[in-house]
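Nothing fancy with the numbering, it's 1 onward along the sequence. Numbering of ligands and ligand atoms starts at 1, following listing order.
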Amino acid sequence: MSGNVLETSGLGKRYGSKWALRDCDLAVPAGRVIALVGPNGAGKTTLLRLTTGLLRPTEGTVTVFGSPARTDSPESLAQIGFVAQDHPLYRRFRVRDLLRMGRALNLHWDQDLAEQRLASLDIPLGQRTGSLSGGQNAQVALTIALAKRPKLLVLDEPVADLDPLARRTFLQTLMAAVADDDLTVLLSSHILAELERVCDYLIVLTGGHIQIAGEIDDLLSAHRQLTGPADGP
Ligand code: ATP
């Protein structure tokens, strides 16, 4: 295996006659927090869903830890945690019911981890998700994804609709999980500023094409070489 978490080659996805993603070549090393940034319609959700195996490519290939991501393979499913955009939890269910479903469906489910995380966030197991705030729902979705003990955690615009305090708390929980576990994180946003404090690898996507991909430190040093040292005051 190459040590890359995600590799794509000539990856493309077409919906009807419209290409949402085209000519996508990536080799992203494991162990990073990867920000996937681009405007509305750039193809971010499409790339994330191809990575999780929820979508099949129209052309090219995508592999995660060296194997094609497949939703019909328990091993492939077990290594990826996915938090969809707007984390659409079933609003009539209690938090406890969602944990029960998680336990029934996942090979490496860690119930203690899930209950401890929710207790530390003061989210009662008996509460219906429909009565939780947006920030609490985001935390429940993250907790469920982490309780799978994934090797790759994929989050589609997880902080887009959160207020600044909920956004900060969510990113802190995420960074604590990254520090504790051997975890690679791939998360998307419209706005780099939302994620720049937490990510160390950047992919910029516009119009279905990769514009930039690389370690943040390498990109910054390339930028400095092009622009010269900043003038002092
Ligand atoms: P946003 O930030 O608005 O969620 P995005 O960067 O995630 O956008 P995608 O959702 O991947 O972008 O969409 C890329 C393009 O593909 C858009 O033009 C979108 O309208 C189109 N598209 C996405 N899903 C479908 C679908 N199921 N059927 C037809 N077109 C689609």
Side-chain angles (χ1 to χ4, degrees), residues 5-28 32-64 68-72 76-77 80-91 129 134-135 137-142 144-145 150 152-164 166-168 170-171 174 184-214 216 219:
V5 58
L6 172 65
E7 290 184 357
T8 69
S9 173
L11 181 64
K13 179 69 188 176
R14 194 179 58 202
Y15 300 108
S17 61
K18 180 178 169 48
W19 286 94
L21 191 73
R22 201 95 208 250
D23 302 325
C24 174
D25 296 314
L26 286 169
V28 181
R32 306 298 196 280
V33 178
I34 306 148
L36 173 61
V37 178
N40 271 328
K44 302 182 297 296
T45 298
T46 300
L47 177 55
L48 296 184
R49 293 176 81 85
L50 287 163
T51 300
T52 57
L54 289 166
L55 279 178
R56 291 291 167 92
T58 307
E59 62 183 20
T61 58
V62 52
T63 58
V64 176
R70 301 173 61 100
T71 50
D72 57 357
S76 174
L77 266 181
I80 303 176
F82 182 48
V83 176
Q85 201 167 0
D86 303 326
H87 33 85
L89 299 176
Y90 299 104
R91 299 179 70 79
T129 55
N137 263 307
Q139 292 284 4
V140 172
L142 177 60
I144 289 171
L152 171 66
L153 179 63
V154 178
L155 306 109
D156 196 356
E157 304 207 29
V159 296
D161 298 322
L162 303 187
D163 62 50
R167 185 180 303 160
R168 206 164 48 241
F170 183 92
L171 292 175
L174 183 62
T184 302
V185 178
L186 170 58
L187 71 172
S188 67
S189 176
H190 286 155
I191 307 162
L192 177 58
E194 283 184 344
L195 305 181
E196 65 184 356
R197 278 186 306 111
V198 301
C199 68
D200 43 26
Y201 195 98
L202 176 66
I203 301 169
V204 178
L205 194 60
T206 61
H209 292 273
I210 304 281
Q211 305 297 337
I212 294 168
I216 295 268
L219 296 173

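Annotation: side-chain contact (heavy atoms from CB on, under 4.5 Å) contacts of I216 (sequence neighbours excluded): C199, L202, L220.
Annotation: D161, atom CG; neighbour count of heavy atoms from other residues, nucleotides and ligands within 6.0 Å does not exceed 12.
Each of Y15, K18, A20, P39, N40, G41, A42, G43, K44, T45, T46, Q85, E157, H190 has a non-hydrogen atom positioned under 4.0 Å from some atom of ligand 1.
Sorted by first then second residue, the side chain to side chain donor-acceptor pair (under 3.5 Å) pairs that include residues 202-213, not counting sequence neighbours, are T206-Q211.
Between the CG atom of L187 and the CG atom of L171 there is a distance of 7.5 Å, given to the nearest 0.5 Å. Atoms CG and CG, from L186 and L47 in turn, are 7.0 Å apart once rounded to the nearest 0.5 Å.
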Contacts table for residues 17-28: side-chain donor-acceptor under 3.5 angstrom, sequence neighbours left out:
| unit_1 | atom_1 | unit_2 | atom_2 | d |
| --- | --- | --- | --- | --- |
| R22 | NE | E59 | OE2 | 3.1 |
| D25 | OD1 | G10 | N | 2.6 |

